[in-house]
Amino acid sequence: MPHEIPKTYDPGAIEPRWAEYWIQEKLFSVKTPEPGSQEAAKPMFSLLLPPPNVTGRLHMGHMLNQTEMDIIIRWHRMRGFLTLWVPGTDHAGIATQMMVERQLTEQGTSRQKLGREAFIERVWEWKKHYGGAIQAQMKRLGVSVDWDREYFTMDEGLSRAVREVFVRLYEQGLIYRGKYIVNWCPRCMTAISDLEVAHEEYTGKLYLIRYPVAGDPTQSITIATTRPETMLGDVAVAVNPKDPRYTHLHGKKLVLPLIGREIPIVTDDLADPEFGTGAVKVTPAHDPNDFELGLRHNLEQLVVMDEQARMNENAGPYAGLDRYQARERILKDLEERGFLVGTKDHHYSIGKCDRCKTVVEPRLSTQWFIKIATLAQRATEAVEKGEITFTPENYSKTYFEWMRNIHDWCISRQLWWGHRIPAWHCQGCKEILVARSAPAACPKCGGSKLEQDQDVLDTWFSSGLLPFTVFGWPEKTRDQEVFYPTSLLITGFDILFFWVARMIMTGCHFMADHPQGNVPFKAVYIHTLVRDAERQKMSKTKGNVIDPIEITERYGTDAVRFTLASMASPGTDIAFSESRTEGYRAFANKIWNAARFMFMNLERAGEGACLTQGAPPAEARRLENRWIMSRFSRVAGEVNANLASYRFHEAANSVYDFFWGEFCDWYLEIIKPRLSGTKEEAHAAVAFLGDTFEGALRLLSPFMPFITEELWHAMYEGKAPQKSIALASFPALEQHRLDSQAEEEMAILQELIVHVRNLRAESKVEPKLKVPARVFADQDVRKLLDENRGMIERLANVEKLEFAEASLAQVAGVRTTPKFEVCIVYEQKVDAAAERERLTKEKTKLEGEMANAQRQLGNQQFLAKAPANVVEGLRKRVAEVEILLEKAHIALQKLG
RNA sequence: GGGCGGUUGGCUCAGUGGUAGAGCGCCUCGUUCACACCGAGGAGGUCACUGGUUCGAAUCCAGUACUGCCCACCA
């Protein structure tokens, strides 16, 4: 029997099978549609995927990201969109290089020893190895990647595009080369951008050092510094021109302690009279502020450290020492010779290298920069004008804040893995040639000894070009024409600046003439960040990464996906909780068993019964069916609306509540008798059940693709109308299915049943004992209850439903609602004390509500200003509460 | 120093102006044939604090406290 499914739900047995199937069937691959074709007529939805973090395994944060993307993509596909997602490429990730370098160090070697070619080869091997691992992981997650596309594209095509961009920017005057203070990591031995520096709070010391006046040792100026070792590179001391303490020394010279070099006193506003002693030592080669000041005053740039932050030959007696050793020695010497006036604690932050946590050293060096102002202006404008929208909205504020305070971008790196800078240095005349390919000779001096710049480009330089290079730019391809700009970018806020901002800048700049607009994407959804249970950001260096593969193996991918979706409320962080995952694993199990129940009943209904051929029209007129269809349609509407606004958690909750709380707990229980009734009844009931279940599976599918795929195919006994449920249509709100009357009637029945169960529990009726229930209600309700007495008697465990002709208010233990009064006929006296307590509590609550409501209704302002439906609702409620209060009162009296 | 968030039952979190919800945990009861990864019932919160706006505030505004994050070249 094709529709027989195993008794136990085992995600491990079904998930890998479908993951494999989706790939083999190329379910999610998209060919660029031909003009005029059927595909081309579909609405388009394309998504940009961030570059994978190639460090071996996806951590939970990436997983969330991909789950959200996958839900969106499946949802759009099921709604009939032509969907494409564009996997981001790992262009030149420096992280990989660092990993390989670490390996080399462990093996007692280094990249320098290995040589450039061999080193790059090693990085490649490493990337391919882990790239494969990532693909396998994504497959396991059920992520519908477009597998046809190349994952790693640090290929010649991309290199060409990168060179093209560089040359164009250079020709447009937007790239320049210059000698500046840059952030330098002495361990990585490369320049890094401002963004790659992590600031850490730190309590250090502020040292006060006395610099004597040249020719007059009785006078001196005391300066304050946190980095005494840099004094070896001092070329001046600056004071504020308006500072009266120092006016008498203007124009004089000071003697640099320990060294004896004479340095001038200069006046500059940089010196803040309020801070320290009001006098600043000036070290242009080792501090960005001093560098600027040095330019203003035409001062020498004296470099005293090498690329590994060791003191160099300019450091005199301290040459060869590490910067911290030098600091200690200098402090000791200063103290011994009486130059150290004092020290005090000082609170400040130090910059560390984002990757290796080495303290960054400001270093004077020649680097390549992008002049960012014009690019940033257009990029800001694109968001201001709403050409690009952010969700959650407030990230646009963060974006603007950054764009407004942006500095020129240092793009050169002294690394080996990456795109080489397309610049050649003439060995003869030192001319620098920027070109698309190696020039044969120097156009200036005719020399043929040309050497390519040793530096490579920042990872994010090439990554930032992704939105158009992925479509073959600079060629004008049809892909580019069709798919640019993409609809959506989903990513984490942590690469908002690194990547998103740069894509917007370059996209707008280079796609300026694209007919569909120059922005690289129309919407940016910033997904939530997953933290561990202690709310720490998961990071590889901290080692608190939850391994998604391990979690999926324990709970199943569907459960994990659902957990992530249900916790993904925009703008918040997620502390991953396994207990939630356990809960959703139980949900998957519930779905599985509901399906088993359905298949069992199909079997039982015998020859001719079918799940997928529709039910007879009469079936649709039954109350429970009208109700479940109405609820289903409403929920489908909610899910669509919530997904459209990236409210994954609400969408997931709606589906969950519907399936478990309404479909399983009520609907299945209600239809049980008919499923085992006459053959006609059973066939009709099974058919309607099949329709409902099939719809529910489609609704669930984006969230739990594996289990829904499995059950959906089982329902069609292997003859499904599509290759995959992911190609079926997604349920939508259908007005004609909404049936408020059915929903109201079912609500009354449910309420009655719950009250009776409650009464039984409180009266401690033995579970197996059926007792009669007595109800007083008006004609309409009575008719409703009478028509559904079978359901009530069974679900409430009632022997017989009886109707009373008069109010039951006098009966002990009666339960009252605005629609009916109900009690059970049971000789055992209710627990008077407990009942009194319950009633008193209820009464107090009602009285409170009443007082509140009456106060409002007596308020003219409220009546005048509140919306009519609110006032009306309150009036209705007051009428109800009045009755309930009176009844509670009577019941209490009765109890004595 | 600047900017952005968070503070809701024991725990983890929803709830963007109409009088508080979920999952887990807890308590009571129940293994008659979908499911103990279950079913039925229940307890548990003056929504951090203060003030303001409003007929009405968990929700909007201001301030306070605690807490998290991002950005920042003040020695």
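Just so we're on the same page: letters track the sequence lines, and every chain starts at 1.
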Between [Y] and [X], is there a salt bridge with N-O shorter than 4.0 Å?
X: A/E762; Y: A/R815; answer: yes
X: A/R323; Y: A/E229; answer: no
X: A/E793; Y: A/K770; answer: no

*Is it true that a side-chain atom of A/E15 and a backbone atom of A/T557 form a donor plus acceptor pair closer than 3.5 Å?*
yes
Give each protein N/O atom lying under 3.5 Å from an N/O atom of nucleotides 44-47 of chain B, with the pair distance.
from  : atom 1 : to     : atom 2 : distance (Å)
B/G44 : OP1    : A/K841 : NZ     : 3.4
B/G44 : OP2    : A/K841 : NZ     : 3.2

*Do A/E669 side-chain and B/A34 base share a donor-acceptor contact under 3.5 Å?*
yes
*Examine the base of B/C37 for any acceptor or donor lying under 3.5 Å from a partner atom in the side chain of A/R585, and report the outcome as yes or no.*
yes
Closest to side chain of [X], choosing from [options]:
X: A/N289; options: B/C74, B/A40, B/A34; result: B/C74
X: A/F597; options: B/A34, B/G23, B/C38; result: B/A34
X: A/A586; options: B/U12, B/C71, B/C37; result: B/C37

What N/O pairs connect the protein and nucleotides 25-31 of chain B at under 3.5 Å? Give each pair on its own line.
none

_B/G42 OP1/OP2 closer than 4.0 Å to side-chain N/O of A/N758_ = yes
_Measuring to OP1 and OP2 of B/A22, would you say a side-chain N or O of A/H649 lies under 4.0 angstrom away?_
no
*Should stems be defined as at least three consecutive Watson-Crick or G-U pairs with both distances under 3.5 angstrom, which of them involve RNA chain B?*
B:1-7 with B:65-71, B:10-13 with B:21-24, B:26-30 with B:38-42, B:48-52 with B:60-64
_Does the Lys NZ or Arg CZ of A/R794 fall within the cation-pi geometry relative to A/W666 - under 6.0 Å from the ring centre and within 45° of the axis?_
no
*May I ask you to say what A/S566 touches in the nucleic acid, namely base, sugar-phosphate or nothing, with a heavy-atom cut-off under 4.0 Å?*
nothing
Would you tabulate the nitrogen or oxygen pairs shorter than 3.5 Å linking the protein to nucleotides 61-63 of chain B?
none

*asked:* Quick check on contacts: within residues 222-237 of chain A, what sits under 4.0 Å from RNA chain B by heavy-atom distance?
replied: A/A224, A/T225
Are there any protein N/O atoms within less than 3.5 Å of an N/O atom in nucleotides 5-11 of chain B, and if so, which ones and at what distance?
none

